[in-house]
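Below is one structure; the comments refer to it alone.
Treat the numbers as computed from the prediction; the structure is a model and nothing was measured.
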Amino acid sequence: YPVIMLELKFLNPVLRHYALHPAIATFLGNSISVIVTTWPLMPLAIRAFSWWLFPTEQTPSYLKWVGPLVIAACYGLEILLLWNLLP
C-alpha cells in the first residue's frame, strides 16, 4: 500500500511529464513497485514478523491471533499517515 501511494504521488507525475503511453507508464510503475516490494521491503517484513511467520514449539498460542491484529493495525496506521498524500 505505501509503495503504491508513493508511486502515485511521485512517479506518475514524472511519467506524465514525459508523455509516455499509458501501457508503458503502467508497466514501469508496476515493475518498480514489484522490485521495491520484493527486494528491500519483504526481507524487512519477514524479519520484523518472524515471531509470527515462523513460530516454534515454545511460541505462545495467543501469538497466532496477535500477528493478524498487528498487520491490521499497521494497515490502519498507513492509511492514517497517507490519507492526505493524494488530492
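By the rule that hydrophobic residues join a cluster once side-chain heavy atoms approach within less than 4.5 Å of another member, Phe10 and Ile32 end up as members of separate clusters. Follow the hydrophobic side-chain contacts under 4.5 Å out from Val34 and you never reach Ile4; the two are in separate clusters. Linking Ile, Leu, Val, Met, Phe, Trp and Tyr residues whenever their side-chain heavy atoms come within less than 4.5 Å places Trp52 and Phe54 in a single cluster. Under the 4.5 Å side-chain heavy-atom criterion for ILVMFWY residues, no single connected hydrophobic cluster contains both Val36 and Tyr1. Leu41 and Phe49 fall into different hydrophobic clusters, defined by Ile, Leu, Val, Met, Phe, Trp and Tyr side-chain heavy atoms under 4.5 Å apart, directly or through other members.
What you find for Gly29 and Leu11 is that their closest heavy atoms are CA-CD2, 3.9 Å. When every heavy atom of Leu53 is checked against every heavy atom of Ile46, the shortest pair comes out as CD1-CA, 4.0 Å.
Under a 3.5 Å cut-off, the side chain of Thr26 and the backbone N or O of Ala23 do not form any donor-acceptor pair. In this structure a side-chain-to-backbone donor-acceptor pair under 3.5 Å is missing from Thr38 to Ile35.
Take Leu85 and apply the side chain to side chain contact (heavy atoms under 4.5 Å, CB included) test, not counting sequence neighbours, and it matches Met5, Leu6, Lys9, Leu82. Not counting sequence neighbours, Lys64 has no partner by the side chain to side chain contact (heavy atoms under 4.5 Å, CB included) test. In this structure, the side chain to side chain contact (heavy atoms under 4.5 Å, CB included) partners of Leu20, at least two apart in sequence or on a different chain, are Leu15, Tyr18, Ile24, Ala25, Leu28. Scanning for side chain to side chain contact (heavy atoms under 4.5 Å, CB included) contacts around Leu63 gives Trp51, Thr59, Pro60, Val66, with sequence neighbours left out.
With contacts defined as side-chain heavy-atom distances shorter than 4.5 Å, the pair Glu7/Asn12 qualifies.
Membership of the apolar cluster around Leu81 extends to Leu77, as traced through chained side-chain contacts below 4.5 Å between ILVMFWY residues.
Sorted by first then second residue, the side-chain hydrogen bond (donor to acceptor under 3.5 Å, both in side chains) pairs that include residues 78-87, not counting sequence neighbours, number zero.
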